[in-house]
Number of protein chains: 4
Amino acid sequence: MSSETKTRRRRKAERPAEILDAAFEEFVQHGYSATRLEDVAARAGVTKGTVYFYFDAKERVFEEMVRHKSQTFLPDLAMQAEKAEGSYTERLQALVAYTYAHIAENRDSREVLRFLISEGGRFPELVDRHYDEFVMPMIDQFKQLIDAGVAAGEFRDAPASEFVEIIMSPGLLVCLWSLVFGTRKHFDLDAFTRASTDLILRGLAK
Amino acid sequence: MSSETKTRRRRKAERPAEILDAAFEEFVQHGYSATRLEDVAARAGVTKGTVYFYFDAKERVFEEMVRHKSQTFLPDLAMQAEKAEGSYTERLQALVAYTYAHIAENRDSREVLRFLISEGGRFPELVDRHYDEFVMPMIDQFKQLIDAGVAAGEFRDAPASEFVEIIMSPGLLVCLWSLVFGTRKHFDLDAFTRASTDLILRGLAK
Amino acid sequence: MSSETKTRRRRKAERPAEILDAAFEEFVQHGYSATRLEDVAARAGVTKGTVYFYFDAKERVFEEMVRHKSQTFLPDLAMQAEKAEGSYTERLQALVAYTYAHIAENRDSREVLRFLISEGGRFPELVDRHYDEFVMPMIDQFKQLIDAGVAAGEFRDAPASEFVEIIMSPGLLVCLWSLVFGTRKHFDLDAFTRASTDLILRGLAK
Amino acid sequence: MSSETKTRRRRKAERPAEILDAAFEEFVQHGYSATRLEDVAARAGVTKGTVYFYFDAKERVFEEMVRHKSQTFLPDLAMQAEKAEGSYTERLQALVAYTYAHIAENRDSREVLRFLISEGGRFPELVDRHYDEFVMPMIDQFKQLIDAGVAAGEFRDAPASEFVEIIMSPGLLVCLWSLVFGTRKHFDLDAFTRASTDLILRGLAK
DNA sequence: GATGAATGAGGCTTCATTCAT
DNA sequence: AATGAATGAAGCCTCATTCAT
């Protein structure tokens, strides 16, 4: 069935997501203030008016777009954590690799981070929401694993146990690198991940 | 020459910097697109026309402002590295502490990073310049120290030696934390620095 | 025929009037240009499309609404004039009181006057129609009574006989007062009517 | 000196009034909502931006325009009242004639009344201001004269003494007539004034 | 008959930029 | 050097109107 023959009702169900996807691209390219809603509309294959039929204002489009693109990878992370096997070292290694790959390679979450950095001041609820739904849960996930490793006597009780963010920081660096330098200065993610994991695990080892 | 004339001359000489300082504050608060040159002028105590006397266009004001606020801390870092004493472990510890403190607490460089992230696409030369004048030198500085430590047999030849960025990543995390959450979610920088340094040094140790 | 069908039919028959009533309220509150047909529809409990089913365009809704709300009180006035008894003075007194009460207290005709004043330029036919169907007949009604009173020797042949509008002007003033000041500056209509009638009758008396 | 050679400073002093005069014409022709600020600008010989240089928003233009056009005729009325001579009857006669002529023939105040009627709901301060600065003082002026006439035994103590608005109501009727019918249905103002004055004076006479 | 998704022209407002003074 | 009046392009948003369902 071609998209032209879709019923209006079906299209209505799909429109908002189409608009938000288009908005994502435009906001990524030009930033919040410099993107024109008309371009968003054109990219989504509708007209200005249609955007306003679904969203109150430009701010709302932005907020919903971030929400839309924040469909978190947390459930996946939890699943990875559960199905992880072997020593705590091996489990942590696996989880770190999984997380870095996500942070570094997932364009959506990378750009969401850019939005939080550049427009967070204008959209504080978005920031708070991100903290609650993304940052804290991820930290918790890692903290659990490390605490268990410490309890099992596999990791030493390093001060880093209280700042598991440290473990994620190399991943964030890659993400930031990508945000700032794009593809101009390339990065061997695999080697970097190996190096980071090596350093971290060695740093945690007893 | 009357003192009034002198004052006027002195003021004239300071004008551009005053304007750039004002621009910094406005750009920090509203982002590139959303700041009005008129507000910049008002904050600097001049009028729009004066801004245009010193700078061609809004883009130029932004670029010059970033340049102005990028007065790098590299010379300081080099000095610190030179006057550092003791084992390589101790030297690295000192340098890391110094760097984290700068990255985390220096508002100017923090906000410059925000500008690079949010407006880098619009100002690629700025990004390149930053890479050349800031990122690479800093990486080199650390790489030298670590290579020396390895050569001296104090550090193992970890894969991280090829990615000394890893060592700076916890500092960047604090910086990012501050950019996104401001002062809302506080952070014990000292404890975090100790934990990071501990992890890193342990990870590098033979 | 099920009662439901009947209800539907009945409702259908009432729809236009319901829409016009809703339109009246919205036009009163916001004026012609500033009222949105969507709000009219919502107030009438239908959707925009339905409004367009019954009326060609916004202008038509307005015109029909004014017509709908202009269901004149002239028949009532004529009846009052007919059943009036006593001297011409008493009859005029009664008719004046009746007219003032209507002009001053009937919200519909008051607001119709507002529409004529504010949108008359855009709807000249409405104005002409009002003149023919409302203004002239009312003037005639009064003129007849006064002429009869003059003929009967009860009133002097004052110049005002040629301008019976004068007699209605105090009523109009109350109406205007209400249009401009609403209920904020109150007005003792009864006392005002008595005062006006007293002045007029005395002015007409021989 | 041609208008082109006027200095910018001089022009700045004149611009606001020029814009407000232009705004008056446009608002009169189309009403508040339907006039485009761009047309106001064009009529004033400037561009949209200039209007916004002098006035915050369309609402402000309207308010200031009403204020500008409300330069009251009260001082003139007071002067007329002072220099009036003869019996109270003659003085009242003169004042009424003067007032009617103003109300009926002064286009500015007539249209201001139209604005109060059509847009008063949107600009309540304007209405209140008009009441304080225009309506009440005028009423007072007439009340003083009538009270004096009553005290002097020239007028009877009619109930109308408490509602001197009655005296102005014929003038208002002419004004309204003009607002609604424009020049289409003409009106012999002089004759009407004579008729009204005759009726009123006779009504007040002892 | 009725709905409501979609359109697109049009108006308000902002602001980078210019230039006469 | 500095001012600030003036411009005009551009963007946000509204809403009368249409039409497929």
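Here is how names work: the chains are called A, B, and so on, in the same order as the sequence lines, proteins then strands, and each is numbered from 1. Please read all numbers here as calculations on a predicted model, not as lab measurements. Only this structure's heavy atoms are used, side chains among them; waters, hydrogens and symmetry mates stay out.
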Visitor: Between B:Lys58 and D:Arg36, who's closer to the 5' end of DNA chain E by nearest nucleotide?
Guide: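 Its nucleotide being nearer the 5' end, the pick is D:Arg36.
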
Visitor: Begin from the C-alpha positions of C:Glu125 and C:Arg129 and carry the test salt bridge (charged side-chain N to carboxylate O under 4.0 Å, His left out) through to its verdict.
Guide: CA-CA 6 Å; C:Glu125 342 75 67; C:Arg129 197 176 154 279; over 6 Å; no

Visitor: Atom CZ of B:Phe53 and atom C1' of E:dC19: how far apart are they, to the nearest Å?
Guide: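 So the two atoms are 14 Å apart, to the nearest Å.
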
Visitor: Could you state the CD-P distance from D:Glu18 to F:dA5, rounded to the nearest angstrom?
Guide: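 Atom-to-atom, D:Glu18 to F:dA5, this comes out as 15 Å.
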
Visitor: Applying a 4.0 Å non-hydrogen cut-off, can you work out what B:Phe55 is touching in the nucleic acid: base, sugar-phosphate, or nothing?
Guide: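 Here B:Phe55 touches no strand at all.
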
Visitor: Would you sort out whether A:Phe62 and A:Phe115 count as a ring pair (Phe, Tyr, Trp, His ring centres under 6.0 Å), showing the intermediate values?
Guide: CA-CA 9 Å; A:Phe62 185 80; A:Phe115 294 142; 5.3 Å; yes

Visitor: Touch check for A:Thr35, heavy atoms < 4.0 angstrom, all strands: base, sugar-phosphate only, or nothing?
Guide: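 A:Thr35: backbone/sugar contact only, no base atoms under 4.0 Å.
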
Visitor: Among E:dC15, F:dA2, E:dT13, which nucleotide sits nearest the side chain of B:Tyr54?
Guide: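 When the side chain of B:Tyr54 is considered, F:dA2 is the closest of E:dC15, F:dA2, E:dT13.
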
Visitor: Determine which nucleotide pairs with E:dT21, using a 3.5 Å limit on both distances of a Watson-Crick or G-U wobble pair.
Guide: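 WC or wobble partner is F:dA2.
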
Visitor: Check the pair B:Lys58 / B:Tyr32 against side chain to side chain contact (heavy atoms under 4.5 Å, CB included), numbers first and verdict last.
Guide: CA-CA 9 Å; B:Lys58 191 184 182 184; B:Tyr32 177 74; 3.8 Å; yes

Visitor: Atom CD1 of A:Ile19 and atom C1' of E:dA5: how far apart are they, to the nearest Å?
Guide: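 Between C1' of E:dA5 and CD1 of A:Ile19: 11 Å.
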
Visitor: Taking for each residue the nucleotide of DNA chain F with the nearest heavy atom, is it C:Tyr52 or A:Ser33 whose nucleotide lies nearer the 5' end?
Guide: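 By nearest-heavy-atom nucleotide position, the 5'-most residue is A:Ser33.
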
Visitor: Nearest whole angstrom, please: distance from the P of E:dT14 to the OH of B:Tyr32.
Guide: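 Between P of E:dT14 and OH of B:Tyr32: 20 Å.
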
Visitor: Should A:Glu111 and A:Lys69 count as an ion pair when the cut-off is N to O under 4.0 Å?
Guide: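 No, A:Glu111 and A:Lys69 are not salt-bridged.
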
Visitor: Return the 5'-most residue of the pair A:Thr50, D:Gly49 with respect to DNA chain E, ranking by each residue's nearest nucleotide.
Guide: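 The answer here is A:Thr50.
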
Visitor: Using whole Å, what does the distance between atom P of nucleotide F:dA6 and atom CD of B:Glu38 come to?
Guide: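 Taking atom P of F:dA6 as the reference, CD of B:Glu38 is at 14 Å.
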
Visitor: Can you tell me how far P of E:dG11 sits from CG of D:Asp39, to the nearest Å?
Guide: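 Distance check: D:Asp39 CG to E:dG11 P gives 8 Å.
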
Visitor: Would you kindly give the CD-to-P distance between A:Glu14 and E:dA5, to the nearest whole Å?
Guide: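 From A:Glu14 CD to E:dA5 P: 15 Å.
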
Visitor: How many whole angstroms separate atom CZ of C:Arg60 from atom C1' of F:dT17?
Guide: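 Interatomic distance, CZ of C:Arg60 to C1' of F:dT17: 14 Å.
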
Visitor: Using the ring of each side chain (for Trp, its six-membered ring), is D:Phe181 parallel, tilted or perpendicular to C:Tyr131, with breaks at 30° and 60°?
Guide: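 Ring orientation, 0 to 90° scale: perpendicular.
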
Visitor: On DNA chain F, does the nearest nucleotide to D:Lys48 precede the nearest nucleotide to C:Leu37 from the 5' side, or the other way round? Give the residue.
Guide: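 Nearest nucleotide further toward 5': that of D:Lys48.
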
Visitor: Name the pairing partner of F:dT7, where a pair is Watson-Crick or G-U wobble with both distances under 3.5 Å, or state none.
Guide: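 Checking every strand shown, F:dT7 finds its partner in E:dA16, with both distances under 3.5 Å.
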
